[in-house]
Amino acid sequence: MGGYFITFEGGEGSGKTTQIQMLLQHVESEFPTLDTVVSREPGGTASAESIRKLLVTGAADKWRAATEAMLMSASRHEHVVHVLRPALEAGKLVLCDRYNDSTRIYQGVVGGVPSADIEALNDLACEGLVPDLTVLLDMDVETGLNRAVERSGQGAPGDESRFESKGMDFHRDVRQAFLALAADHRERFVVIDAARDAVEVAKDVAGAVMPRLRTAGLV
Ligand code: TMP
């Protein structure tokens, strides 16, 4: 498949959305003719966004981890088929805020769903679509959660803080599990210290991404 597929992963408040926007600006200024698509999970199509709402609102214990894994996978399948794969087949650069590594970590390693079941769901949802590169934005859990809670407006209408309210231990486990996954897949992951000024982080992100786009022949 043509194109180039980059996913951004990390804990709550690690700055994925900001970093995706900064990378997009950088790429667009260097290569104005390159077609790019920015998307997110859970979500990315109208129907997947409606599943997102079920997942990210309400009480922390509203869904079992296995139910979450199925809902995440259902939303992902719509996203893969209707957005990600067509964009990649058209040769575009795709920047996606989370993908199936989040299910491996949040519902699998930390949520306790057996990895064989997670991989079966991933196979069904993704039909073999694997990121070319995954940028893991790593930072301490306390700072990240504080940022995320401020942003999600706990208690306000549209409050998306369901995962934030799972507690500090849950999020510490998420951080460690992401680092372990990255260590097991060095060929695909780059780990970036996200506990710094956003401009510094963005330089490292661009430094990791641009040479790979050249190697892949995209630019
Ligand atoms: P976001 O805040 O990064 O948009 O993600 C929403 C929440 O959904 C976040 O707390 C992580 C969680 N999540 C999972 O638990 N599993 C998944 O597969 C995905 C994509 C997200």
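Only heavy atoms go into these numbers, but all of them, side chains included; no hydrogens, no water, no symmetry mates. Both ligands and their constituent atoms are indexed starting at 1 by order of listing.
- In terms of polar-atom proximity, Glu68 is not counted as a contact of ligand 1, lacking any N or O under 3.5 Å from an N or O of the ligand.
- Using modelled atom types, one finds no donor on one side chain facing an acceptor on the other under 3.5 Å when comparing Ser14 with Asp138.
- Distances between N or O atoms of Gln107 and those of ligand 1 include at least one value under 3.5 Å.
- Annotation: Tyr99 places no N or O atom under 3.5 Å from an N or O atom of ligand 1; distance criterion only.
- Less than 4.0 angstrom separates some heavy atom of Arg52 from each of these atoms of ligand 1: 4 (O).
- Checked for salt-bridge contact, Arg104 and Glu119 meet the test: a charged N lies under 4.0 Å from a carboxylate O.
- Counting atoms of ligand 1 from 1 in the listed order, those under 4.0 Å from a heavy atom of Glu41 are 20 (C).
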Would you check, one step at a time, whether the test ring pair (Phe, Tyr, Trp, His ring centres under 6.0 Å) holds for Phe5 with Tyr99? CA-CA 11 Å; Phe5 182 25; Tyr99 187 59; 5.0 Å; yes
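- Protein heavy atom nearest atom 14 (C) of ligand 1, with residue, atom name and distance: Met72 CE, 3.2 Å.
- Comment: Glu49 engages Arg40 in a salt bridge, judged by a side-chain N to carboxylate O separation of less than 4.0 angstrom.
- Taking every non-hydrogen atom of Glu12 and a distance limit under 4.0 Å, the qualifying atoms of ligand 1 come out as 9 (C), 10 (O).
- The minimum heavy-atom distance linking Tyr106 with Arg98 is given by the pair OH-NH2, 3.2 Å.
- Each of the following atoms of ligand 1 lies closer than 4.0 Å to a heavy atom of Lys16: 3 (O).
- Of all the atoms in ligand 1, the ones that sit under 4.0 Å from a non-hydrogen atom of Pro42 are 19 (C), 20 (C), 21 (C).
- Side-chain atoms of Thr103 and Arg76 form a donor-acceptor pair, as typed in the model, at a separation below 3.5 Å.
- Closest protein heavy atom to atom 7 (C) of ligand 1: Phe163 CD1, 3.7 Å.
- When only modelled atom types and interatomic distance are considered, Thr143 and Asn146 share no side-chain donor-acceptor pair under 3.5 Å.
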